[in-house]
Amino acid sequence: MTERTLAIIKPDAVARHLAGAIIQRVEADGFAIRAMRRVELSQAQAEGFYAVHRERPFFASLTRFMASGPAIVMVLEAPDAIRKWRSAMGATDPARADAGTIRKQFAESIERNATHGSDAPDTAAFEIGYFFAGCELVP
Ligand code: ATP
Ligand code: MG
């Protein structure tokens, strides 16, 4: 079933000029880019995006990182897009990520890990709506 997921090229990867390589991977893996925009999140916007993690010990550091510089947000579409994009990214911690995954190749650390992907249909719907209006996603 065709599905959409929210992907982010995080500030660490944009700062190291890896956006092109990551977008190339997106296309090579067969995702359609349905929407894409460069953003500079405020601290409050980063906190709103990662609100599910507000009780976690890394929340303050994670949200400071996400607000530290430009990022690129994308809506990716493919059959089984949520699972497919998470599998392309690899494990959260690059030290545990499989060979051939984006995080294995590009992530600096468990926090500065190059990309984000939604983890379920309900979070994908929230995250896509956080950055894009419905009228931007009309086929
Ligand atoms: P994402 O939601 O960004 O796609 P994920 O689903 O693999 O990543 P989550 O558990 O949702 O992982 O964590 C969200 C983000 O918080 C991670 O991608 C990473 O940037 C950061 N993070 C997660 N665990 C830690 C940790 N133990 N220490 C520091 N940062 C962490
Ligand atoms: Mg997550």
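Just so you know, ligand 1 is whichever comes first in the structure, and atom 1 is the first atom listed for that ligand. The basis for the numbers below is simple: all heavy atoms, side chains too, and nothing from hydrogens, waters or symmetry mates.
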**Prompt:** Quick one: does Arg34's side chain have a donor or acceptor within less than 3.5 Å of a partner on Val75's backbone?
**Reply:**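 No, the answer is negative, given that no donor and acceptor are paired below the 3.5 Å cut-off.
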
**Asked** Would a distance-only check, ignoring hydrogens and angles, find a side-chain to backbone donor-acceptor pair under 3.5 Å from Thr123 to Ala120?
**Response**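 Flag set: sc Thr123 to bb Ala120 pair under 3.5 Å.
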
When you measure from [atom] to each heavy atom in [options], which option holds the nearest one?
atom                    : options                        : result
atom 22 (N) of ligand 1 : Trp85, Phe59, Phe58, Tyr50     : Phe58
atom 8 (O) of ligand 1  : Arg103, His116, Arg112, Glu111 : Arg103
atom 14 (C) of ligand 1 : His53, Glu127, Met66           : His53

Backbone or side-chain N or O of [X] under 3.5 Å from ligand 1 N or O:
X     : result
Thr92 : yes
Met89 : no
Arg86 : yes

**Prompt:** Quick one: does NZ or CZ of Arg37 land under 6.0 Å from the six-membered ring centre of Phe132, within 45 degrees of the ring axis?
**Reply:**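 Yes, a cation-pi geometry.
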
**Geometric cation-pi criterion, Lys84 with Phe31: 6.0 Å, 45°** =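 Lys84 over Phe31 ring: yes.
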
**Message:** With heavy-atom distances below 4.0 Å as the criterion, list the atoms of ligand 1 near Asn113.
**Reply:**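 So the atoms of ligand 1 that pass are 17 (C), 18 (O), 19 (C), 20 (O).
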
**Prompt:** Which atoms from ligand 1 have a heavy atom of Leu62 less than 4.0 Å away?
**Reply:**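 Per the distance check, 15 (C), 16 (O), 20 (O), 21 (C).
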
**Message:** A side-chain contact here means heavy atoms from C-beta on lying under 4.5 Å apart; do Ile110 and Thr92 qualify?
**Reply:**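 Heavy-atom side-chain distance check passes, below 4.5 Å.
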
**Request:** Decide yes or no for Ile72 and Val39: does some side-chain heavy atom of the first lie under 4.5 Å from some side-chain heavy atom of the second?
**Result:**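 No, their side chains stay 4.5 Å or more apart.
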
**Test item, Asp119 contacting ligand 1 (heavy atom, 4.0 angstrom)** =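 False for this residue.
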
**Request:** Give the residue, atom name and distance (to 0.1 Å) of the protein heavy atom nearest atom 19 (C) of ligand 1.
**Result:**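 For this ligand atom, the closest protein heavy atom is Ile110 O, 3.1 Å.
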
**Request:** Please work out which of the three classes, parallel, tilted or perpendicular, describes the rings of Phe49 and His116, given edges at 30° and 60°.
**Result:**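 Perpendicular: the ring planes of His116 and Phe49 meet at over 60°.
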
